[in-house]
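This report refers to the structure that appears directly beneath it.
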Amino acid sequence: QVQLVESGGGLVQAGDSLRLSCEASGRSFSNYVMGWFRQGPGKEREFVASISWSGSRTYYTGSVKGRFTISRDNAKNTVTLQMNSLKPEDTAVYYCAAAERLSTDRGSYDYWGQGTQVTVSS
């Protein structure tokens, strides 16, 4: 079992930045691929970014490339999502998730956090 707890969400204006963090506990953190997903109002949960076990490989959905950066610190059991140049369409609940293999498919992720709300006003 892996427990995930997100933090760092909030209300910001368009163009601002936010840094989301996810702290993991339980089984060895470095054994898992980590991902961020989001679910906007009335929308399905969608992939945002993922990072490999070592952090050497990262993947992003097209709408956040160049604005968001995912990183991890295996010594601290944390994964972060740095979000810059935020847009109103980034408004969503953001979820941290863990998987055994690298994937953009939410069905591949076995463990999920409770989510943190990000609201971007125009």
Side-chain angles (χ1 to χ4, degrees):
Q1 288 288 337
V2 176
Q3 293 77 42
L4 303 172
V5 178
E6 303 97 334
S7 61
L11 172 63
V12 297
Q13 293 186 334
D16 285 351
S17 297
L18 270 179
R19 185 177 180 88
L20 304 183
S21 294
C22 174
E23 183 172 355
S25 60
R27 287 188 173 182
S28 180
F29 177 71
S30 60
N31 288 345
Y32 291 91
V33 167
M34 299 301 298
W36 286 96
F37 290 75
R38 66 186 180 186
Q39 187 165 13
K43 298 181 180 180
E44 291 192 354
R45 193 171 300 188
E46 64 172 357
F47 170 80
V48 176
S50 62
I51 188 165
S52 62
W53 303 269
S54 66
S56 60
R57 290 182 290 168
T58 57
Y59 298 90
Y60 300 92
T61 192
S63 61
V64 309
K65 280 183 180 178
R67 299 190 298 123
F68 291 12
T69 302
I70 188 172
S71 60
R72 67 189 295 163
D73 185 335
N74 288 341
K76 296 182 179 179
N77 288 359
T78 58
V79 59
T80 62
L81 185 67
Q82 178 66 44
M83 305 185 295
N84 299 329
S85 303
L86 283 162
K87 304 176 181 180
E89 50 264 42
D90 294 318
T91 294
V93 177
Y94 283 72
Y95 297 90
C96 171
E100 293 185 355
R101 58 183 178 87
L102 204 57
S103 175
T104 61
D105 179 6
R106 65 185 183 187
S108 295
Y109 287 77
D110 300 309
Y111 304 102
W112 294 83
Q114 82 289 349
T116 185
Q117 177 70 47
V118 172
T119 303
V120 184
S121 64
S122 57

From CA spacing to verdict: side-chain contact (heavy atoms from CB on, under 4.5 Å), Ser50, Leu102: CA-CA 7 Å; Ser50 62; Leu102 204 57; 4.0 Å; yes

Considering only heavy atoms from C-beta outward, does the side chain of Glu46 approach that of Thr61 to under 4.5 Å? no

Candidate pair Cys96 and Trp112, rule side-chain contact (heavy atoms from CB on, under 4.5 Å), full reasoning: CA-CA 6 Å; Cys96 171; Trp112 294 83; over 6 Å; no

Per the salt bridge (Lys or Arg N to Asp or Glu O under 4.0 Å) rule, what does the pair list look like for residues 51-80, sequence neighbours excluded? Arg67-Asp90

Of all pairs that satisfy disulfide bond (SG atoms under 2.5 Å apart), the ones with a partner from residues 51-89, not counting sequence neighbours: none

Is there a path from Val120 to Phe68 through hydrophobic residues (I, L, V, M, F, W, Y) whose side chains come within less than 4.5 Å of each other? yes

Please tabulate, for side-chain N and O atoms in residues 10-26, each donor-acceptor pair with protein atoms closer than 3.5 Å (sequence neighbours left out).
| residue | atom | partner | partner atom | Å |
| --- | --- | --- | --- | --- |
| Asp16 | OD2 | Gln13 | N | 3.1 |
| Ser17 | OG | Asn84 | OD1 | 2.9 |
| Arg19 | NH1 | Gln82 | OE1 | 3.1 |
| Ser25 | OG | Gln3 | OE1 | 3.4 |

Transitive ILVMFWY cluster of Val5 at side-chain heavy atoms under 4.5 Å: who else is in it? none

Apply side-chain contact (heavy atoms from CB on, under 4.5 Å) to the pair Trp36 and Val79, showing each step before the final yes or no. CA-CA 9 Å; Trp36 286 96; Val79 59; 3.9 Å; yes

Among the clusters formed by ILVMFWY side chains lying less than 4.5 Å apart, do Val93 and Leu4 turn up in the same one? no

Nearest 0.5 Å please: distance from the CG atom of Asn74 over to the OG atom of Ser54. 8.0 Å

Is Glu89 atom CD crowded by more than 12 heavy atoms from other residues, nucleotides or ligands, each under 6.0 Å away? yes

OG1 (Thr104) and OH (Tyr59) are apart, to the nearest 0.5 Å, by 10.0 Å

Can you tell me how far apart CZ (Arg38) and CD (Glu44) are? Round to the nearest 0.5 Å. 14.0 Å

Please find the pair of heavy atoms, one from Ser71 and one from Thr80, that lie closest to each other, and give the distance. OG-OG1, 2.6 Å

To the nearest 0.5 Å, how far apart are CD in Glu6 and OH in Tyr94? 12.5 Å

What closest approach, in Å, do Ser108 and Ser103 show between heavy atoms, and which atom pair accounts for it? OG-OG, 3.2 Å

Write out all pairs satisfying disulfide bond (SG atoms under 2.5 Å apart) with one or both partners inside residues 48-90, taking only residues at least two apart or from two chains. none

Value for OG1 (Thr69) from CD1 (Ile51), rounded to nearest 0.5 Å, stands at 10.0 Å

When rounded to the nearest 0.5 angstrom, what is the spacing between CE in Met34 and CG in Leu81? 11.5 Å

Report yes or no: do Tyr60 and Phe47 belong to one cluster of Ile/Leu/Val/Met/Phe/Trp/Tyr joined by side chain heavy-atom distances under 4.5 Å? no

Under the ring pair (Phe, Tyr, Trp, His ring centres under 6.0 Å) test, which residues partner Tyr109, sequence neighbours left out? Phe37

Indicate yes or no for a side-chain donor-acceptor contact from Trp53 to the backbone of Asn31 under 3.5 Å, with no hydrogens or angles considered. yes

Please tell me whether Tyr32 and Tyr95 are part of a single hydrophobic cluster in this structure, the criterion being side-chain heavy atoms less than 4.5 Å apart. no

Looking at Arg45, is its backbone amide N or carbonyl O close enough to the side chain of Arg106 to form a donor-acceptor pair, meaning the two atoms are under 3.5 Å apart? yes

